[in-house]
Asker: 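Have a look at this one before I ask anything.
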Amino acid sequence: MGLLSLGTPLDWDQAKHHAEHVRSHGIAQFLNIWDRLKDRHGDRLMWGDEIEYMVIQLDTVAKDAVLSLCQTDILAKLQTLTSNTDVKMVPSVVTPVFHPEYGRYMLESTPGAPYTGDIRDLLLVEANMRLRRHLARSNLKPNQIPMTLTSFPRLGVPGRFTEPYYDPVGAVSSHSLFLPEQITNPHARFPTLTANIRKRRGSKVAINLPLYIDERTPRPFVDPTIPWHRDVFPEDAEARRGAALVDHIYMDAMGFGMGCCCLQLTFQCCNIEDARRMYDSLIPIGPIMLALTAASPLWRGYIADVDCRWNVIAGSVDDRTEEERGLKPLKHNRMRIPKSRYDSVDLYISETWMNRPEYNDNFLPIDQDIYDRLRKHGLDELLSKHISHLFIRDPIVVFSELLDQDDCKSTDHFENIQSTNWQSLRFKPPPPNSPIGWRVEFRSMEVQMTDFENAAFAVFIVLLSRAIMSRNINFYIPISKVDENMRRAQQRDAVNKARFYFRREIFTPTSSRTTSGAATPDITNPCDPHSVVSSLNGLTNGVGNHDKRRKKRRGLVGGNVKDEYVEYTMDEIINGRGGAFPGLIGLVEAYIDTLDLSDAEQRKISSYLDLVRRRANGSLKTPARWIRDFVRSHPSYKFDSVVSAEINYDLVVAVDEIERGVRRAPDLLPEDYMGSEVDSSCDQSSHSP
């Protein structure tokens, strides 16, 4: 959601004159946090998830499914529930919290209070997610559904795709050919962000996804649904001048990206060093989880030849000028910038000995003055580069009332820049005057169609993060290879067809140390020395042949970085490769073996891991593949790449029925999956986060 401030937003022509002011004071605010909290230590593991929904309205007579622009009304109802939760359903549960999002048809939800690392909290996740869906649904009209779809298949088609209908001709913020102004949250931040990105860039954003070419798709494909000759805004001519590519799905507004839904996790770490190490460790995991959760093959009424949202969002907020994109020589701008504000992480930031300089092999533009200022203040090289890289960006939304702040008490200027760098992970300093510690936000996953799937991937990442931190696991590969993995992760059916760069040997010398058999690991406290658990040692048996050649490959003697990674299949990364590589599931299961679980708890955790395992080995489809197959097998599909209103309606109905458990989908979910209407195993009655 980002920073939602109140005030009078400045137009870009005004805001740009305050960019240096915001940057300078933003750094001052960060340094004040640094001075106060850099030595903070001892915070326990806390974490939470964010799930986004889109509200879809069904017309059962016309067989049509459209987006309901009801966010304001539904949020007003949901916010009254903070003291009025249905106690008969979930007694003693902390009420979830709902927030606004970019799209006026969207809702964002969080658990209401952070989870700990206690196993009982992990088992609460699915129930809490189902509670949130229940609360949202019970406050909607009977024909409205809160759905966890990553992208709405017919967003931006000609005609009616929202309720109520609005004409795109009035899109004064985006100047879009396809999306009306009213699709955007009316809070001043969102239309201002939309308009100022367009103005700073000097044109509308231009997103082109490759079209899935089916048996009867016209070739070359020149999209007949684009209003090529509209003449309302100056940018209307961009499509016919080359912005819209042949054989592609063209989109031209922030709403196509920021109107997507996702699943995000935020972790509080023991201290800043652990936060930096967790941040680095999860960077190579981002593309893997993007591919495993792929859920968005349909865009603007067409089937795309990609499965994920990532490049759509990256393009939707790309405010770089032609000079910054390298299309023109630098004249009015400071530097060329390789990526959009929304993209994969550019820099490993931990000072651990495992982080070799060779891993940060991407070109990294920085604000040199800010870097020098941070270094002079005593920050190390990597963190100084990280912050000064974020601060090459201009603040896009500036509120006149918030220009002058007390830098000792406020972080609004810092967050203005920080929160509009939407990377695959986010390193988050503590807020001022708050008990919250140093955090890491994991941002690559696509939201899944059911709460079981969302809970499974959330729990998997939490357990994986505990295994990484407790065993000092080394996932480092060159960051350029992470970028390549992000590209591959979006390919059609990447889980089954792509290979991904991953580290050969993930165990370090500290991974093989043992602990006393009497020590009981505390998974809620990563600062506990006994949390380095001995049962993972078995994973290194047969793997850690410590001859000089293997030491050199591990980078312990300065070997060639190219020898440290290899291309693996998704099945190999998740499920292992014989005795040579245990797989991420192997790491998690070895970690679970250190915990005191009941049989019922073990079965529930195993059901989550089994979903991840079967996605990776191809025995269960990703949502993207399932959706694509549904469309192509629909009786009315003409094999022309078009997703009609009828197909879209039937798809939405099918997904809702699957979520509720009234339709079976054994190729998508385990045979024993029970939907929200029939599963009573997720009762939260005995615990609360």
Side-chain angles (χ1 to χ4, degrees), residues 150 262-263 281-297 305-311 344 424-425 442-449 453-454 456-461 463-465 467-468 473 475-506 539 564-590 606-629 667-670:
T150 297
C262 66
L263 167 66
S281 297
L282 292 178
I283 288 173
I285 303 301
I288 306 307
M289 300 310 297
L290 177 62
L292 274 176
T293 59
S296 48
D305 204 28
V306 295
D307 279 359
C308 300
R309 78 197 189 285
W310 195 261
N311 282 351
S344 52
S424 47
L425 281 96
F442 187 73
R443 301 171 47 81
S444 66
M445 292 189 289
E446 308 225 308
V447 76
Q448 307 295 281
M449 296 187 287
E453 295 165 278
N454 287 315
F457 284 108
V459 168
F460 173 68
I461 292 297
L463 290 171
L464 179 63
S465 71
I468 292 168
I473 299 299
F475 284 156
Y476 282 107
I477 60 174
I479 210 153
S480 62
K481 299 304 180 186
V482 178
D483 282 355
E484 175 60 22
N485 283 349
M486 288 295 287
R487 187 188 68 80
R488 295 181 183 185
Q490 300 173 70
Q491 296 173 354
R492 173 164 49 92
D493 204 20
V495 163
N496 296 304
K497 296 179 179 179
R499 299 179 75 88
F500 299 89
Y501 292 104
F502 211 77
R503 189 172 181 86
R504 289 177 183 270
E505 298 187 27
I506 60 177
L539 286 176
E564 296 181 4
Y565 58 86
V566 68
E567 291 179 272
Y568 285 142
T569 65
M570 182 63 73
D571 189 23
E572 290 169 335
I573 291 173
I574 298 298
N575 297 318
R577 190 179 186 181
F581 182 76
L584 302 186
I585 290 282
L587 290 176
V588 169
E589 288 182 330
S606 294
S607 72
Y608 293 149
L609 298 184
D610 190 56
L611 175 70
V612 178
R613 178 183 292 109
R614 295 186 62 192
R615 279 273 182 92
N617 68 25
S619 60
L620 289 178
K621 296 178 180 178
T622 63
R625 184 179 174 189
W626 186 91
I627 290 170
R628 187 188 303 276
D629 289 350
D667 53 346
L668 176 69
L669 295 165

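This is a predicted model, so every value here is computed, not measured.
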Asker: On a heavy-atom basis, which atom in Ala295 and which in Thr150 lie closest, and how many Å separate them?
Answerer: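 That closest heavy-atom pairing would be CB-OG1, 3.5 Å.
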
Asker: Looking at residues at least two apart in the chain, or sitting in another chain, which of them share a ring-ring contact (aromatic ring centres under 6.0 Å, His included) with Phe442?
Answerer: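 Phe442: no ring-ring contact (aromatic ring centres under 6.0 Å, His included) contacts found.
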
Asker: Given ring pair (Phe, Tyr, Trp, His ring centres under 6.0 Å), test Tyr501 with Tyr565 step by step and report yes or no.
Answerer: CA-CA 6 Å; Tyr501 292 104; Tyr565 58 86; 5.7 Å; yes

Asker: Roughly how far, to the nearest 0.5 Å, is OG of Ser344 from CE of Met486?
Answerer: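 Spacing of CE (Met486) from OG (Ser344) equals 5.5 Å.
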
Asker: Do we see a donor-acceptor contact under 3.5 Å between the side chains of Asn311 and Gln490?
Answerer: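 Yes.
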
Asker: Mind checking what makes side-chain hydrogen bond (donor to acceptor under 3.5 Å, both in side chains) contact with Glu453, not counting sequence neighbours?
Answerer: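 Thr450, Arg615.
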
Asker: How far does CD of Gln448 sit from CG of Leu292, to the nearest 0.5 angstrom?
Answerer: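 The CG atom of Leu292 is 9.0 Å from CD of Gln448, to the nearest 0.5 Å.
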
Asker: Given side chains that start at C-beta, do those of Asn485 and Pro284 come closer than 4.5 Å, heavy atoms only?
Answerer: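 No, side chains not in contact.
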
Asker: Evaluate the side-chain proximity of Leu290 to Arg309: yes if any heavy-atom separation is below 4.5 Å, no if none is.
Answerer: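 Yes; the side chains approach each other to less than 4.5 Å.
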
Asker: Which heavy atom in Leu668 sits nearest to a heavy atom in Lys621, and how many Å separate them?
Answerer: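 Scanning both residues completely, I find the closest heavy atoms to be CD1-O, 3.6 Å.
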
Asker: Among residues at least two apart in sequence or on other chains, which ones pass side-chain hydrogen bond (donor to acceptor under 3.5 Å, both in side chains) with Asn454?
Answerer: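 If we apply the side-chain hydrogen bond (donor to acceptor under 3.5 Å, both in side chains) test to Asn454, skipping adjacent residues, there are no hits.
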
Asker: Is the closest side-chain heavy-atom distance between Asp307 and Arg628 below 4.5 Å?
Answerer: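 SC-SC contact between Asp307 and Arg628 confirmed.
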
Asker: Suppose we screen for side chain to side chain contact (heavy atoms under 4.5 Å, CB included). Which residues come up paired with Ile585, at least two apart in sequence or across chains?
Answerer: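 By the side chain to side chain contact (heavy atoms under 4.5 Å, CB included) rule, Ile585 matches Phe460, Ile574, Asn575, Glu589, Leu609, Val612, Arg613.
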
Asker: Would you say the side chain of Leu263 lies within less than 4.5 Å of the side chain of Glu446, judging by non-hydrogen atoms?
Answerer: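 A side-chain contact is absent here, since even the closest heavy-atom pair is not under 4.5 Å.
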
Asker: What residues form a salt bridge (charged side-chain N to carboxylate O under 4.0 Å, His left out) with Arg614, not counting sequence neighbours?
Answerer: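 In terms of salt bridge (charged side-chain N to carboxylate O under 4.0 Å, His left out), with neighbours along the sequence ignored, Arg614 is linked to no residue.
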
Asker: Partners of Phe502 by ring-ring contact (aromatic ring centres under 6.0 Å, His included), sequence neighbours excluded?
Answerer: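 With sequence neighbours excluded, Phe502 shows a ring-ring contact (aromatic ring centres under 6.0 Å, His included) to Phe475, Phe581, given in chain and number order.
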
Asker: What I want to check is whether the side chains of Asn617 and Ser619 have a donor and an acceptor closer together than 3.5 Å.
Answerer: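 Result is yes, a qualifying pair exists.
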
Asker: Could you give the distance from CD (Gln491) to CZ (Arg488), rounded to the nearest 0.5 Å?
Answerer: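 Here the interatomic distance stands at 7.5 Å.
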
